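Being a predicted model, the structure only gives us computed values, none of them experimental. We name chains A, B, ... by the order of the sequence lines, and we start the count at 1 in each one.
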There are 2 protein chains.
Amino acid sequence: MKIWRVGEIAQLTGLTVRTLHHYDEIGLLHPAHTSEKGHRLYVEDDLQRLHHIILLKQLGFSLEEVKRLMTDPAFNPLHLLEHQLARINEHIQMQLDLRDRLNDIYSLMHRGQPVDPSRFMEVVQMINISRSKHFSREMAKNIQRNYTSMNSEQIREKNEEFRRLISGFRSEMEKGTPEHDPVVLDLARRWKSCLQDAAGDYDQLSRSAESYYRDHSDQALPFGMDGELYQFIRKAVLKI
Amino acid sequence: MKIWRVGEIAQLTGLTVRTLHHYDEIGLLHPAHTSEKGHRLYVEDDLQRLHHIILLKQLGFSLEEVKRLMTDPAFNPLHLLEHQLARINEHIQMQLDLRDRLNDIYSLMHRGQPVDPSRFMEVVQMINISRSKHFSREMAKNIQRNYTSMNSEQIREKNEEFRRLISGFRSEMEKGTPEHDPVVLDLARRWKSCLQDAAGDYDQLSRSAESYYRDHSDQALPFGMDGELYQFIRKAVLKI
DNA sequence: CTTACTTCCTAACGTGACGTGAGGTTCAAG
DNA sequence: CTTGAACCTCACGTCACGTTAGGAAGTAAG
């Protein structure tokens, strides 16, 4: 009957001694024997059990789940498998989506102007909005293409115009100016052409934007936009 | 100049108050002002910064990385992006592989005999070995097909035979019996036919197995197999 | 002004799966 | 008998917060 000490088990399995201590602590694997001086002594069965633990861990189960799987005979592995598959599929979807976004950002940054922090945040913001579920693939591509075609001076100018328009709308809205007022209509015309420049198709963009703002109506949005203000702008644009 | 309290910020951003406390603690976002009684008071700029933090977090960066990205102007976002892409790609690969294995296990269990724990571990073990890099896709499919075609009685029998053979080889090896001894040659013949049953093509299987045992030569393997014993068996089989 | 309710504060522990010491004991070899 | 390796038990650190606990401040109504 061969007996192993903790360091040998560690070598055989590729785990660390600390890990084996941990498994002992949480009751996942108590060695069969303990020497009178407290040294852990493992036997064949322990090693086998440990291999099973390692396999299950590699499948992504938590130590708690591994424990239940191995000790509770009534525990249903099939159910756990389904659960795990669902978890992992969802996870994979998120990771793939994330990768796409990172890739977009990377390629926009890479062939763009020198890396300055504020521009980086702009790109990140743009990608995150255009990649949200409210915008179609085509629209996202459009926006990105237009963005890349501009140099930093043009982008700065565009952002300024955007900011001006929004604060213009906001002050009129707070003054109570009606949407059909010439001042507001002028803002609306500039607004529409500004967005048309940026995204190509205003109507489609506005549908996407509306859905976006509906989803985020209670949140503060970039440039000081919010749901209420967007409604004001929308009505004004319809009056043109 | 609008000022927000911590609860309002939480609502606007969808974070919790505790999270904002945390960001304050670690110096990621100190609110612009603090009331004389210690209440946190945020201004527009803080909100903007917070939005940036949220975006970067969604891209999978740690709070530490976010902090560096936002405060250290010399910090290179491109480099970090590359790093992050590499990380995520690796991660995705692992997850996809894991999903495949889980799916294999699931379908084997699902259409198999009633779920008993020891059989579950067998399946897991089998899938994990056959899916390791040493085995070809085709070989893995072979092994799995053969496995599903057996009922639990046959599987038990097979495992027993396997165990008997291995312990037979081991005792001969430890006695110092040479590989060309008739007793060993008989074991070798049974060994070969046993594996041929299980995997179809013995030569291909043995190449895979050899590569597998080379990789795990210093580890204890299922059924009490190890690298040294495998070499003994291999030589014996060649003598047939 | 009191009461009651909400929001805010700090402080401290918990999560998961260990890593990383500190400080001391035991084992195996020379 | 002495060394050095391996072992032991605490116990704190990781990461991004969640979750009480206990109390102070702010706000609205009576």
| task | Select from His22(A) and Val6(B) the residue whose nearest nucleotide in DNA chain C is closer to the 5' end of that strand. | result | Val6(B)
| remark: Rounded to whole Å, CZ of Arg5(A) lies from P of dC27(C) at a distance of 8 Å
| Do other residues, nucleotides or ligands put more than 12 heavy atoms under 6.0 Å from the NZ atom of Lys37(A)? | no
| field | Centroid-centroid under 6.0 Å between His91(A) and His91(B) rings | value | yes
| Any side-chain donor near an acceptor of the partner, Glu122(B) and Tyr147(B), under 3.5 Å | yes
| query | Rounded to whole angstrom units, what separation is found between the CG atom of Leu63(B) and the P atom of dT14(D)? | reply | 14 Å
| Quick one: do Arg170(B) and Glu174(B) make a salt bridge, cutoff under 4.0 Å? | yes
| query | Would one find a side-chain N or O of Tyr23(B) under 4.0 angstrom from OP1 or OP2 of dC17(D)? | reply | yes
| query | Under 4.0 Å between a side-chain N or O of Thr19(B) and OP1 or OP2 of dG18(D)? | reply | yes
| query | How are the rings of Tyr213(A) and Tyr230(A) set relative to one another: parallel (under 30°), tilted (30 to 60°) or perpendicular (over 60°)? | reply | tilted
| query | Just how far, in rounded Å, is C1' of dC27(C) from CG of Leu41(A)? | reply | 12 Å
| request: Check the distance between dC15(D)'s P and Glu65(B)'s CD and give it to me in whole angstrom. | output: 10 Å
| query | In residues 25-40 of chain B, which residues come under 4.0 Å of DNA chain C by heavy atom? | reply | Gly38(B), His39(B), Arg40(B)
| When the distance from CZ of Arg18(B) to P of dC9(C) is rounded to whole Å, what number comes out? | 12 Å
| said: Between P on dT27(D) and CD on Glu8(B), what's the gap in Å once rounded to a whole number? | reply: 10 Å
| Would you call Lys57(A) and Glu64(A) a salt bridge, using N to O less than 4.0 angstrom? | no
| remark: The residue, Gly7(A) or Lys57(B), whose nearest nucleotide of DNA chain D is more 5′ is Gly7(A)
| message | What is the separation between atom CD on Gln11(A) and atom P on dA5(D), rounded to the nearest whole Å? | response | 14 Å
| Roughly, in whole Å, what's the span from NE2 in His21(A) to P in dG19(C)? | 12 Å
| Taking all atoms of both residues into account, what is the closest heavy-atom pair of Ile166(A) and Leu229(A), and its distance? | CG2-CD2, 3.7 Å
